[in-house]
Amino acid sequence: MRIVDSSATLGAYVHDVNLAHLSDARWDELHGVFLDKAVLVFPEASLTTQQQERFSERFGQLEILTGNPLIKSLYVCNVDTEGNVLPLDDDNFRIVRGNEYWHTDSSYMPIAAKVSCLSALTLPKEGGQTEWTDMRAAYQALDPATKDRISELSAYHSFYRSQESLGQTVDIGSRYGFHRDGAPLRPLTKTHPETGRKSLFVGRHAYRIPGMEDEEAKGLVNNLIEFACQPPRVFQHTWSLGDFVIWDNRCVVHRVRPYDYSVPRIMRHTRVSGDAHSEGAPTDMKEQPSN
Ligand code: OGA
Ligand code: MN
């Protein structure tokens, strides 16, 4: 196994490893590198669906994103089930477009995600790169006054609110991520359950901070994201077909860059559930949209 570090504070490329046949010793080694680097790229790993699902399950139980427990992979893509490119005003496309804003997966769920895994199946010629920001390094870089200011603050996270801010209104509970039991309340800082490292925990889904006017809260959240997502804390990957990437949602945010929406972009996504004791959050029915 050969590891090549990126030039950012996170991210590495892993060569010469067969993810479909991984010994326990190799897994332990890889897991250690993952906890340190937070994002790992396996160039042209070309995993099958089953191989990706099996490998992802090394981290823990997969989140069911499709509503069908037998289907563990989600296609993050701009095409319908027949392969036709979605029109710009399609609801599914608008949800995929939401990925262009810095976020961490499932922060709007009662249990946020641990790890996400993505395989590149169909790519546009240009654009569509994915970027990740190191929220550990971002936390470290904050000035002491800001660290102090945010130390006791929490934010509500909601997929309704983040899609709404992009002009989309979604029916209550009509699909994955649109909760019925109120929004989860998550501290703005997080201690990683495995490394003990502290990081910032904010992204596009955070919309309200108890004890603060919404405008001020949104301003604070946006300022933190803008501060965090700067070099050398950002790692960008330009995809090749078959590339496989895994990232640690507990300490990074990510986004996809724009591309030509008239051509297909298809990624196979598997998502590992967080652990209730470290990624669980209380939800609040007062934070439930009423449409
Ligand atoms: C995701 C996501 C970005 C991309 O799958 O969770 O945000 O590059 N994807 O498609
Ligand atoms: Mn995502």
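Start at 1 and go down the list; that is how both ligands and their atoms are numbered. We're numbering straight along the sequence, starting at 1. Here the structure is a predicted model, which is why all the values come from computation and not from measurement.
Among all protein heavy atoms, the one lying closest to atom 3 (C) of ligand 1 is V256 CB, 3.8 Å. Distance from atom 10 (O) of ligand 1 to its nearest protein heavy atom, with residue and atom name: R265 NH1, 2.8 Å.
Without hydrogens or angle criteria, H254 side chain to H103 main chain gives a donor-acceptor distance under 3.5 Å. No donor-acceptor distance shorter than 3.5 angstrom exists from the side chain of T189 to the backbone of S151, with no hydrogens or angles considered.
Here H269 fails the criterion, with no N, O or S atom under 2.8 Å of the Mn ion (ligand 2).
Taking every heavy atom of H269 and a limit of under 4.0 angstrom, the matching atoms of ligand 1 come to 1 (C), 5 (O), 6 (O). Within ligand 1, counting atoms from 1 as listed, the ones closer than 4.0 Å to a heavy atom of T130 are 4 (C), 8 (O). Less than 4.0 angstrom separates some heavy atom of D105 from each of these atoms of ligand 1: 6 (O). Listed by atom number, the atoms of ligand 1 under 4.0 Å from N99 heavy atoms are 2 (C), 7 (O), 9 (N). Interface of L118 with ligand 1, defined as ligand atoms under 4.0 Å from a residue heavy atom, comprises 4 (C), 5 (O), 8 (O), 9 (N), 10 (O).
Atom CD of E126 sits in a sparse spot, with 12 or fewer heavy atoms from other residues, nucleotides or ligands closer than 6.0 Å.
In this structure, Q129 has no heavy atom closer than 4.0 Å to ligand 1. Heavy-atom distances between H103 and ligand 1 reach below 4.0 Å in at least one pair.
D143 and R149 are not joined by a salt bridge, as no carboxylate oxygen comes within less than 4.0 angstrom of a charged side-chain nitrogen.
In this pair, F42 and F55 present their aromatic rings perpendicular. The plane angle is above 60°, beyond the 30 to 60° band. Between W27 and F59, the two ring planes are perpendicular [angle over 60°; tilted spans 30° to 60°].
In this structure, R265 is positioned above the aromatic face of Y259, its NZ or CZ under 6.0 Å from the six-membered ring centre and within 45° of the axis.
The Mn ion (ligand 2) forms the vertex of an angle spanning NE2 of H254 and OD1 of D105; to the nearest 10 degrees it equals 90°.
Contacts of H254 with ligand 1, taken as heavy-atom pairs under 4.0 Å, involve the side chain alone.
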